[in-house]
Colleague: 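The structure's right below; bear with me while I get my questions together.
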Amino acid sequence: MNSEKTDRMCQMAELPVPEVLIRMSLPMMISFFIQAMYNIVDSIFVARISENAFTAVSLAFPMQQIVTAIAVGTATGVSAVWSRYMGMGKRENASAAIRTMTTMGLLFTALFLFLGLFASRPLFRLQTDVQEIGEMGTVYLAINWCFSCGTIFGKYYERLLVSAGRSVLSMAAMASGAIFNLIFDPLLIFGIGPFPELGIAGAAYATVGGQIFAVLVAIALNRKYNPAVRQDMLRPGFSLSAAGDILRVGLPSIITMGLSSLTSFFINQILLVYSTTATAVYGIWMKLQNFCYMPTYGLNNGIVPILSYNYGIRRTDRVNQTMRLAVWGSAALMCLLLVILELVPQGILTLFSAGEQMREIGLACLRVCVISLPFGAASMVLSTSMQALDHSRYAMLINILRQCALLIFCFFALSLLTHNLKWVWLAVPVTELVTFAVSMELNRRFRRRLFPSSGEDLK
């Protein structure tokens, strides 16, 4: 390993924690913001086709996120495992993890190609009997699943750059895909200039095209600026122990996001009792929530290698300080966003070409749901920290509560008890508040077990 690489890894153990946290996380926050922006812009363009088109994309979103769940989970696992082995000086084990990641990515790509070809239409038939929504949704989902390689390998190679201390380059790779999508979205949806008018299929092609372009950029950047993985990143291989290490860290994220997709499916069924417009509004909230949490996602990407590396060299003090800064910093930022969003819900709905009914339902939804943001962000950081520090079972419990069991229960119970859509939206903040309380208790328990002599807590 060359001296530059050694210096970059040592920064995680030697620089002041606030400085290394900013260096590792800020570029990721910016890149995730850009990525979320093009997701929202994509939805805004689709909403201009018709409300049914937007509803189709909203119903496809949970199933589309299954790919992201697997990609993010395994990428998180690789990032933590690779950083830990590098911190311990076990170069062979780190190399095996990278090659195993490549093989896993190819297998996942083949799986979603099959699902895109044969499962998209049956899944939409389960959700709606409105033919136009079903047809458009099938097309959109099939394209995203068949070309899932962009999402899967994009997350892998971008995370390798972060783990090597090259967060700015990871940001550049993600931004390149976002810019591609922003350019081609209107061109392919509306048929501007020499491009054909493809409608909702154009939105899907612009999205997967941007993802694949970002992969190519990330590969080039890793080969040029990340010599520690240059020989391994494009060589498939498989190590059972490496796969086990990756999944032990990443499985909570996979299950969490996978359950979140399943949750959205069930919540959409509850909301369809009221109207298809209610599901479209929930789709707006999901996009907005995803956008707001992007700084937290970026922060989580940054803290995983910091925590894993310092845990590997037993720097308890830096682990504690990193967690405190991440939790309270993310919560403070979400409080700021909460205030801003409470002031502009009308403007947000206008962006999505909301009609009178959507505007009425949407105002009630957004004003209630944004209250959840600070609690959700803090729970997410605690969950990611537990994953990075070998307490994945705690992280899994938090994530199952937050994004599945408790959320579905609250939506179902409030709908059953009130039969009033305005009250049903309370399910979101109630879930996040309860989950935050559980997260803090689990945090105290796992820190006593992990660092019994440190005596520190998140105060």
Side-chain angles (χ1 to χ4, degrees), residues 60 62-85 92-123 141-163 173-174 177 204 207-219 222-223 226 229-262 301 304 387 392 396 399:
M63 293 172 283
Q64 187 182 353
Q65 285 296 96
I66 294 173
V67 181
T68 305
I70 291 175
V72 169
T74 49
T76 299
V78 169
S79 176
V81 170
W82 186 78
S83 297
R84 188 179 307 150
Y85 280 135
E92 273 190 31
N93 298 78
S95 178
I98 301 300
R99 293 196 302 272
T100 301
M101 174 200 74
T102 302
T103 299
M104 293 171 72
L106 292 172
L107 292 174
F108 290 137
T109 298
L111 170 64
F112 283 105
L113 175 61
F114 176 83
L115 292 175
L117 293 174
F118 300 107
S120 301
R121 189 174 300 277
L123 284 170
L141 179 61
I143 293 171
N144 276 279
W145 270 358
C146 288
F147 295 94
S148 64
C149 57
T151 299
I152 293 169
F153 285 98
K155 298 299 181 189
Y156 291 173
Y157 297 137
E158 289 158 10
R159 199 64 61 90
L160 288 179
L161 288 167
V162 175
S163 297
M174 294 178 72
T207 297
V208 298
Q211 292 164 349
I212 292 172
F213 183 73
V215 170
L216 298 176
V217 173
I219 289 174
N222 270 288
R223 290 182 67 83
N226 193 1
V229 302
R230 184 181 299 154
Q231 301 302 319
D232 302 315
M233 59 181 291
L234 297 178
R235 289 171 53 198
F238 191 79
S239 163
L240 189 60
S241 62
D245 289 340
I246 291 168
L247 291 176
R248 188 174 64 251
V249 176
L251 193 59
S253 289
I254 295 174
I255 292 175
T256 298
M257 296 184 70
L259 286 175
S260 179
S261 298
L262 188 64
N301 275 263
V304 166
Q387 285 179 251
S392 297
M396 191 179 301
N399 294 335

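Just the heavy atoms: all of them, side chains too, but no hydrogens, waters or symmetry mates, feed the values below. Numbering starts at 1 and runs along the sequence shown.
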Colleague: Go through the structure and list residues passing side-chain contact (heavy atoms from CB on, under 4.5 Å) with Ala173, not counting sequence neighbours.
Modeller: Glu158, Val217, Ala218, Leu221

Colleague: Tell me, with the steps shown, if Arg223 and Met233 meet side chain to side chain contact (heavy atoms under 4.5 Å, CB included).
Modeller: CA-CA 9 Å; Arg223 290 182 67 83; Met233 59 181 291; 4.0 Å; yes

Colleague: With heavy-atom distances below 4.5 Å as the criterion, would you say the side chains of Thr74 and Phe108 are in contact?
Modeller: yes

Colleague: Sequence neighbours excluded, which residues qualify as side-chain contact (heavy atoms from CB on, under 4.5 Å) partners of Arg230?
Modeller: Pro227

Colleague: Check side-chain contact (heavy atoms from CB on, under 4.5 Å) between Leu117 and all other residues, then give those that pass, not counting sequence neighbours.
Modeller: Leu113, Cys146

Colleague: Hey, what do you get for CZ (Phe153) to OG1 (Thr102), rounding to the nearest 0.5 Å?
Modeller: 6.0 Å

Colleague: How close do Ala71 and Tyr156 get, heavy atom to heavy atom, and via which atoms?
Modeller: O-CE2, 3.7 Å

Colleague: Could you check whether any side-chain heavy atom of Ser120 comes within less than 4.5 Å of a side-chain heavy atom of Leu115, counting everything from C-beta outward?
Modeller: no

Colleague: Between Tyr157 and Met101, what is the shortest heavy-atom contact and its length?
Modeller: CE2-CE, 4.1 Å

Colleague: Partners of Thr109 by side-chain hydrogen bond (donor to acceptor under 3.5 Å, both in side chains), sequence neighbours excluded?
Modeller: none

Colleague: Quick one: OG1 on Thr207 to CD1 on Ile212, what's the gap to the nearest 0.5 Å?
Modeller: 11.0 Å

Colleague: To the nearest 0.5 Å, tell me how far Leu234 CG sits from Asn222 CG.
Modeller: 9.0 Å

Colleague: Using side-chain hydrogen bond (donor to acceptor under 3.5 Å, both in side chains) as the criterion, list what pairs up with Thr100, not counting sequence neighbours.
Modeller: none

Colleague: Go through it in stages, so that I can follow the logic: the residues are Met104 and Leu247, the test is side chain to side chain contact (heavy atoms under 4.5 Å, CB included), and I'd like the CA-CA distance, side-chain angles, deciding distance and then a yes or no.
Modeller: CA-CA 11 Å; Met104 293 171 72; Leu247 291 176; 3.9 Å; yes

Colleague: Can you find a pair of side-chain heavy atoms, one from Tyr85 and one from Asp245, that are under 4.5 Å apart?
Modeller: yes

Colleague: If every non-hydrogen atom of Ala80 is compared with every non-hydrogen atom of Val304, which pair is closest and at what distance?
Modeller: CB-CG1, 3.8 Å

Colleague: For Thr76 and Arg159, test the side chains for any donor-to-acceptor distance below 3.5 angstrom and give the result as yes or no.
Modeller: yes

Colleague: Would you give the length of the straight line joining atom CG of Leu111 to atom CD1 of Ile66, rounded to the nearest 0.5 angstrom?
Modeller: 9.5 Å

Colleague: Heavy atoms only: give me the nearest Ile254-Ala69 pair and the separation to one decimal.
Modeller: CG1-O, 3.6 Å

Colleague: Would you check if the side chain of Thr103 reaches a backbone N or O of Pro236 as a donor-acceptor pair within less than 3.5 Å?
Modeller: no

Colleague: Roughly how far apart are Ser95 OG and Arg235 CZ, rounded to 0.5 Å?
Modeller: 6.5 Å

Colleague: What orientation do Phe114 and Phe118 show, parallel under 30°, tilted 30 to 60°, or perpendicular over 60°?
Modeller: tilted

Colleague: Roughly how far, to the nearest 0.5 Å, is the CD1 atom of Ile246 from the CD1 atom of Ile98?
Modeller: 7.5 Å

Colleague: Return the set of residues passing side-chain contact (heavy atoms from CB on, under 4.5 Å) with Val67 (not counting sequence neighbours), or none when no residue passes.
Modeller: Phe112, Trp145, Ser148, Thr151, Ile152

